Amino acid sequence: MTDYFEVHARDGAARVGELRLESPRTTPALVDDVLEDAGSLWSADRDVPEGDESTLTVLPHRAFPGGTAPEVQESFAVDYPDVDYPSVAVVSSEHATDHGTDAYAVSDVQSITGHGAALVEAVVNTRKAIPADTALLFSGVATPRNVAVLAYAGVDCFDETAAVVKGMEGRYLTTDEAYFLEDLEDLPCSCPACQQPREEFTRKDCAEHNVNALEAELGIVRRRIRDGRLRDYVEGQARHDQWLTAAMRELDSQWGYLEERTPILRDAQINAATEDTIRRVEIQRFADRVTTRYRNRFSNPLVLVPCSATKPYSESQSHRQFHDAVQWRGHLVSMTSPIGVVPQELETTYPAQQYDTVVTGRWSEDEKGFVSSVLERYLERNEYPKIIAHVPDEGYRDIVERVEEALDLEIIYTVPEGGHPTDDESLANLSAALSGELKYAKREREHNTVRAIADYLLGDGAGDDLFTDIQTTSRYPKIQVRDREDTQLATMVPQYGTLSFTLEGAKRWVDSDAPTKRVEIDGFVPHGSVLAPGVVDADEEIRVGDEVIVEGPKAFGVGRAEMFGREMQSSTRGIACEIRHVEEK
Amino acid sequence: MTDYFEVHARDGAARVGELRLESPRTTPALVDDVLEDAGSLWSADRDVPEGDESTLTVLPHRAFPGGTAPEVQESFAVDYPDVDYPSVAVVSSEHATDHGTDAYAVSDVQSITGHGAALVEAVVNTRKAIPADTALLFSGVATPRNVAVLAYAGVDCFDETAAVVKGMEGRYLTTDEAYFLEDLEDLPCSCPACQQPREEFTRKDCAEHNVNALEAELGIVRRRIRDGRLRDYVEGQARHDQWLTAAMRELDSQWGYLEERTPILRDAQINAATEDTIRRVEIQRFADRVTTRYRNRFSNPLVLVPCSATKPYSESQSHRQFHDAVQWRGHLVSMTSPIGVVPQELETTYPAQQYDTVVTGRWSEDEKGFVSSVLERYLERNEYPKIIAHVPDEGYRDIVERVEEALDLEIIYTVPEGGHPTDDESLANLSAALSGELKYAKREREHNTVRAIADYLLGDGAGDDLFTDIQTTSRYPKIQVRDREDTQLATMVPQYGTLSFTLEGAKRWVDSDAPTKRVEIDGFVPHGSVLAPGVVDADEEIRVGDEVIVEGPKAFGVGRAEMFGREMQSSTRGIACEIRHVEEK
Amino acid sequence: MSKPTPDVYEQGKGMDAHNKVMREIRSRKEASYDPHEPTRVWLDEDNTPGGVKRSLTIILNTGGCRWARAGGCTMCGYVAESVDGGSVSHEALMNQIDVCLEHEADNADEPAELIKIYTSGSFLDEREVGAETRRAIGETFADRERIVLESLPDFVDREKIADFTRHSIDTDIAIGLETATDRVRHDCVNKYFDFADFEDACAEAAEANAEAGDDADAGIKAYLLMKPPFLTESEAVEDMISSIERCADVDGCHTVSMNPCNVQRYTMVDELYFRDGYRPPWLWSVAHVLEQTADVDAIVVSDPVGHGSDRGPHNCQDCDDRVQKAIKDFDLRQDPTVFEQVSCECEGTWEVVLERERSFNQPLTR
Amino acid sequence: MSKPTPDVYEQGKGMDAHNKVMREIRSRKEASYDPHEPTRVWLDEDNTPGGVKRSLTIILNTGGCRWARAGGCTMCGYVAESVDGGSVSHEALMNQIDVCLEHEADNADEPAELIKIYTSGSFLDEREVGAETRRAIGETFADRERIVLESLPDFVDREKIADFTRHSIDTDIAIGLETATDRVRHDCVNKYFDFADFEDACAEAAEANAEAGDDADAGIKAYLLMKPPFLTESEAVEDMISSIERCADVDGCHTVSMNPCNVQRYTMVDELYFRDGYRPPWLWSVAHVLEQTADVDAIVVSDPVGHGSDRGPHNCQDCDDRVQKAIKDFDLRQDPTVFEQVSCECEGTWEVVLERERSFNQPLTR
């Protein structure tokens, strides 16, 4: 039972949480002033302390520093008592287990900090062993430079200690460096400690500055998590120390850990500013879904076009010009780095609508490789009577030609060498290449759009399983899906290109062959939110943002997940999902 | 004449300068309080102001905002008066010209800020038109987020204006974002303005905070320039806004502008943390010199080995093991990203000894492409009786195999599949592959080292031109080069792997066919430093850090360049080069 | 180094450049119009020396502004709405008047007391509107109380005014003075006449007024341009306040209408705007000028066009409608306390812009 | 959840684990030594109850510590320097003594007043040094003033002591107590005896002293380990102060030697150190303990080995030599004011480490 910690917001592995002490504290945060250490059992026998709700008590512990042999860890392992106040267990990252406490302090922090792979392994190991709604404490390591990456990896609580120690050692910490104080001619900071003449600035002041800088950085981190944009921050911030970049990359390799914790949609921009963006869960997941779940339902030729900076693409000037030439005679698929390919039906889905990239017209080999492989997989799965590539030279044409060769296709290129897709000549070529093709109707377009989104969201074939016999009303992109009797089943949500089901839609979904994601609840009828304690079981496939079926002995409903599946299972606090519609059984 | 601005330190296009006002100001800096605007000639006729040395006077001007037609700019162009106090001319980035003032304010700043290519074009254009030792002022655009990139591009002076305006608009500026004040639950900063309850924090406070944050960031920028590490900072910082990343990349494409301003050596680490590091001048220049200037002089087989984290490589544990196996029977060339290939003689040169990369064992396609192309060019220029690749699978082997195929070579691989170069088996293979080969002597090694460094520093063939008939003394890496009569010619400087010439060495250099870099001075005998006004002419090829011949009617000397060639020509203040040895004529 | 020269450019050179550029810009627009239709017509209310009146405004299509054809004013895009090439016949112009009268009959309960005729040129220029047409129009509106006629100052002539006063119509000549500062009018607006020409026109109108005796009044309504290109917000405000004061001081000029610049397509201002080199004035600036000049001896009005849009005068979006309403209120009541009723957080931003905007960092906001 | 258990581990389990790990670590070292050579020998000066004396220190190679062969102390790497396998013969041991005497003759003007013999085990354990050898050594050094003999407390026996006192040599038994706290000695050091055993040994020595009468003194010199693994800097300091106080209180124990832990190869401490899990103590801690215990009723000395290096006790590099010098000075003069003479900026860091280091964030510095 974690009575004293609750997760309020998630951004990948990072969370904004709340230490529910007498005066609550929002994490990631420094906890020096509320941490009470009952002491080490290495140096003395200790009583279990009284404890109280104003502090987080570190229960008597035997900490194993880095390098402690497994046998020693095993034989000296401590069983933590069950207490009724906020408590912390000390665990080694190599042998972490669930002790029923609210928080866990990692004993080998000094060994794992400074090494990307070690840090990631330690956090992932520990997080796997302890419940999702418990706080992870790293003592003695946080600095203004590393704390964003530590929080990004999934650490919740920190202390001033390293900042103070480094300050006393004469290191002036900023988010980018640990400057030698004696090298600084002036103090590049405006915190109170730095508001004095340089020559009067002591190491104690330096320590104070370091703590101020750390506090400020944690403020940025909390804001970024709330905004769903910590990763964007880390893609810049991590560059200031090699091991932090390594840590970010290693974490990207921990697909299972990170994917589970990454929402399927979010109201935040994705900055594609470095080569590491390609390895983001959101990007890889999109590419995966487009190439394994989505299926083209149009019988028209494929028209490959370049992406546009304006999102959704169809609102851009260039895509309007393409559209004027195509006139619903072709199936538009946009090529883009770092997303891959985006069929027109999915242009509003996350993150196709939310990413923003650096425009220089230069493609890296890795970008080309990634987009080529996505396009190749896409074309292996989807057959077209004709393929038209309406793309400029740089990057795009390269990629199309690679795939053309790899799959032995015949592709018509409509942009002359050196030309631009919006040139009159290019547009005329495009139109000519489609001459004689039939236009598809608005109805077909809309039906295919909601089916494609169903594929993308729910799984391969879901669009056909759910939406074979439908009618659509309202204007794109706010399409409403209705059955033949005019009963509404779902609505397309244009901000993220997702679907919101009605109760009737949910029932149809449950009855269909399409995979559902279910939250099993206790015998009550939820209104508004389902809290974690009310969850009996939840599919492990559930991700934050997923449409979920909520069912229990007394109720059937549909809503949106606010936790991932295993988090719902293991949490004892917090909102598991938000109910949209519910009915009593 | 720029009497009132002097450049003290350079880091690529960025400089630490000094506005020599009554109270001097170190740039990059805010100049609000010392800027006196004599006013616009659009709104009224203006007298040339009195002016004084406490302020920087903006002379009466007609500013052309972005979008002003060239004809209008031309016909309304202003001739600035020649004044004897610190003065600023307002110029449009499209039509900048030298007006003899100490500083230049760019009139179309609002149009170029926010657009990477436009910014870079504007700065490069303006910098080309105005003398090197004048300050560039961007008014009304600096924010904590963009100012590092602006300074990196070559801007010296800024003001609080944009920070204040954004603050009054309710935007809370940090180095990573422009947060909407109303979105912030707490203030992620420790500046004096932020030391109050959130609910009492007004837009005026926000403006004050923004200015504080901007000042602090400028402090970091100045420190980074002095440390020669602004680029490392920008590789992280630029990620926080797409246009800043675009600007960094566009600047990399301005090879002429950036290369001229980049020192050939520097006592600072290079962080290779992003894919953009490959495009750094230092990296490209190294690759260029290794493949066009350096020439292998050993007749032994080539042994390709992986780089090590320890620098110079020969001091690493792995390279000691390689050495124990090779025993001077092979020519060791290290393969490394993002440097390319490093022959053993050049292991101490900049930046082979100064770069530090992110260790994850993962190679990007671009890294592989770059290293392959360097290796290929290297092997086209240097022939070996035998090539041994003592490299592990990941990345390295790929690259070697690509080059093997491209050049139709036959390469012996000594590391078994899945093995590591320091495994016993690998080392035994390596030794076996070299069995029967002759060892080269220490003398040969040392002679070839100083010759290779001469090639690298001075040009193709320089090593032979200068150092055919030499002896070497002292211990590697502090080798002294002497002629047959024991007169010292040069010393190898192990920190940067460069050569310091003696007067005798300088004379030999001048007499040789090797290209020299010359600074022509007036009729005086310099001691210590040569100041810019004393320079009559200087080779445009001179870069900061270059060994230069200093000669005038009265003196012949040798020293190290502190400015690049064109800067020496056009500057009227500052140290042009440091003299090491000089003699009167 | 050159020597300091107080007047740093040649007068004619700037005009040539402006005209060349404006000609090029205007040439991109392809459009032509029916000479039998007015450019625009609408009903409104206006403050006049005789009080607030119901008005019928007519933009007459007269073949357009000759100056604009040469290049013309940097902010003006109207030319392109005129008939291509030459002049418009008497019959066509009278057809346009008929269309306007029909519009009035269809949309108003009773005839407007005030008629306003603009031509995007000069109504009193006989190459645009011949004497025959002018007189016919005078007769057409003989039953109205008041008429406003647009003209460049050169064409203001007591005889032509008498064509209206003789029907006992109070007659105002609307002159697009833009600013009282010749330098700004020439260099920023690219309008070629001087303030002295305006003063002469006012004198002519005063004479016409005297000649008309008690039958009718005649006078001048000055149109000023708030924030021409190249000026900062504070320069624009200062220039506007002094311009209003100078106009009000001229005998014969009884009304000043301040037009905040808006960004019209196919103008030099639009080119600047597109490249982030121009921002229309703040509505706070308009309000501030009206407040500051409330006590001058003239009616001062302003009717911001396109308020609240990026291309029109605007504040922060939140308060645009409120401030616009206060301005319209002031137009009718001339009571500066109306501005005390409106406030917004963005006023602080505007104050900072006034304080900090320089011509080498403008525009500071969007 | 398990119920709270005050004593949370099984006593023997920890020892087994430590031993298993230490055995594995030690097994990595491959080396063997000549049983006819002492492990080490050197000349120095030492503070003794009889004043400061010239000393000859002998590390006798006796076939090594039996305990170490079972696994042994977590910080001790000496075992590996002993003879492989079994015990060393009487002749070999006496050869070692001869080598030492030659060293002394070669390097000192006159014979040392004080002889110190360590064995990396127990000199008084007859399985290491037989009675015959012990007696022969007693005779060899009969002309010296004082002898120090290393032993585990179990082997301290008045009879064995008498083999030396009978030659009128003042005899001190050096016991590697490490700490007075049994828990720390067991769990952190992995030494199996208890403080009570030490007290018994002291009583035995006191008895031997009484029996020797005025001919010679006999007593115990306790060796303590400053900062065993798993303790924080402040825990180590506190444990050391209390250990010194407790030792000094024991009758028969007249000297305490505090050994700051240094990181020896092939030890558990080295494993921790290699993985950033251990830092040797600060020299400030050593100085602090000496200052704090200056008034106890015993000589307290410390001779930090490897001071200033990363693997030995150290401060910030800048001040290591100065602080080491003060400690050596204190050893001889027992005057705590010597520490007032040294200061360094890093003292502030050390204070912060004392305040903030926890076993779950250690080590806070390198």
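Model, not experiment: these values are computed from the prediction. Here is how names work: the chains are called A, B, and so on, in the same order as the sequence lines, proteins then strands, and each is numbered from 1.
- Between C:R356 and B:D159 no salt bridge is recorded (no basic side-chain N to carboxylate O distance below 4.0 Å).
- For B:V90, the part lying under 4.5 angstrom from a heavy atom of chain C is the side chain only.
- Relative orientation of the B:F76 and C:H18 rings is tilted, given thresholds of 30° and 60° on the angle between their planes.
- Residue contact with chain C, scored on non-hydrogen atoms closer than 4.5 Å, is absent for B:V141.
- Across every non-hydrogen atom of B:R203 and C:C346, the tightest pair is NH1-N, 4.4 Å.
- Using modelled atom types, one finds a donor on one side chain and an acceptor on the other under 3.5 Å when comparing C:N361 with B:S139.
- For chain C, no part of B:A162 is nearby; none of its heavy atoms comes within less than 4.5 Å.
- Counting heavy-atom pairs closer than 4.5 Å to chain C, the top residue among B:G114, B:G67, B:P70 is B:G67.
- Residues C:F360 and B:V109 are not in side-chain contact: their nearest non-hydrogen atoms beyond the backbone lie 4.5 Å or more apart.
- For a residue to count as touching a neighbouring chain, one of its non-hydrogen atoms must lie under 4.5 Å from one of that chain's; by this rule B:Q73 does not touch chain C.
- Here C:R275 does not pair with B:D108 in a salt bridge; the nearest charged N to carboxylate O distance is not below 4.0 Å.
- Ranking B:E74, B:H115, B:E169 against chain C, the residue ahead of the rest is B:E169, based on heavy-atom pairs under 4.5 Å.
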